[in-house]
Amino acid sequence: MLITGPSGSGKSGVAAQMIALGADLVTDDLTVLSPGMRDRDGDGSLAGGVIAEMPARGVAAMELRGLGIVPMTVAGPTSLAGVLLLEPMQSRLPEPETVLLCGVQMPLLRHPATADLAAKLILWLKTR
């Protein structure tokens, strides 16, 4: 999940909660996106999708507001499942939206950073 939003919107907090629930960190702050791969057959073959990865000179760490920069284990290049924009919801049951990234339409979710958001996102990701 690519988490986006203005400074102070809760991106790192949501990411930290997701990691605590079992998600992997790919990168913090700056993400390189490229047209890429998705292992469709489980045989290592790569096709389609959008890949998110840490920049070549990125640091395996995460800024936790109020606590500082914490070293983290990061995942390698990862297929992106969707984009989260941290902002007020348009409606309780919004119509599906997409955003074009690297020539691929990706699901776009809009939600404010709330106490239950990380759990909701983990459940959403399990359906992808």
Side-chain angles (χ1 to χ4, degrees):
M1 177 67 59
L2 179 66
I3 303 173
T4 66
S7 179
S9 62
K11 297 179 295 291
S12 293
V14 171
Q17 290 173 342
M18 290 180 72
I19 293 164
L21 292 171
D24 292 322
L25 177 68
V26 174
T27 186
D28 185 36
D29 233 10
L30 184 62
T31 306
V32 175
L33 300 177
S34 57
M37 51 197 165
R38 195 167 282 187
D39 185 348
R40 298 194 189 276
D41 301 320
D43 63 0
S45 63
L46 307 172
V50 175
I51 301 305
E53 63 184 309
M54 178 184 293
R57 295 184 185 233
V59 177
M62 183 173 177
E63 180 186 349
L64 300 175
R65 190 172 296 231
L67 299 178
I69 297 175
V70 178
M72 298 285 295
T73 300
V74 295
T78 303
S79 292
L80 192 61
V83 177
L84 170 67
L85 177 55
L86 290 176
E87 67 173 21
M89 290 182 289
Q90 303 295 330
S91 66
R92 183 174 173 165
L93 296 172
E95 291 295 319
E97 289 185 80
T98 61
V99 61
L100 187 64
L101 295 177
C102 300
V104 177
Q105 291 291 336
M106 299 297 300
L108 173 65
L109 308 173
R110 297 173 189 264
H111 200 290
T114 56
D116 61 349
L117 180 56
K120 288 180 184 178
L121 291 170
I122 295 290
L123 293 173
W124 185 86
L125 287 166
K126 286 183 178 186
T127 68
R128 303 287 160 223

Ignoring hydrogens, what is the shortest heavy-atom contact between Arg110 and Met89? Give both atom names and the distance.
O-CG, 3.5 Å
In Å and rounded to the nearest 0.5 Å, what is the CD to NE2 distance from Glu87 to His111?
11.5 Å
Quick check for you: to the nearest 0.5 Å, what is the distance between Trp124 atom CH2 and Leu117 atom CG?
11.5 Å
Measure the spacing between NZ of Lys11 and CG of Asp29 and express it to the nearest 0.5 Å.
8.0 Å
If you define the side chain from C-beta out and look only at heavy atoms, does anything of Leu33 sit under 4.5 Å from Leu80?
yes
Flag yes if Ile19 and Val14 sit in one hydrophobic cluster, no otherwise; membership is Ile, Leu, Val, Met, Phe, Trp, Tyr, and two members link when side-chain heavy atoms are under 4.5 Å apart.
no
Answer yes or no: is there a side-chain heavy-atom contact under 4.5 Å between Thr98 and Met106?
no
Rounded at 0.5 Å granularity, tell me how far CD1 in Ile3 sits from CG in Asp28.
10.0 Å
What's the shortest heavy-atom distance between Glu53 and Pro77, and which atoms?
OE1-CG, 3.5 Å
Can you confirm whether Val74 sits close enough to Thr27 that some side-chain heavy atom of one is under 4.5 Å from a side-chain heavy atom of the other?
no
Nearest atoms (heavy-atom pairs only) where Met62 meets Ala15
CE-CB, 3.6 Å
Would you say the side chain of Thr127 lies within less than 4.5 Å of the side chain of Leu123, judging by non-hydrogen atoms?
no
So how far is it from Met1 CE to Thr78 OG1, rounded to the nearest 0.5 Å?
13.0 Å
Between Val59 and Ile69, is any pair of side-chain heavy atoms under 4.5 Å apart?
no
Quickly, which of Val26, Val99, Thr31, Val50 forms a side chain to side chain contact (heavy atoms under 4.5 Å, CB included) with Leu2? Name it, please.
Thr31
Which atom names give the shortest non-hydrogen contact between Ala115 and Gln17, and what distance separates them?
O-OE1, 4.2 Å
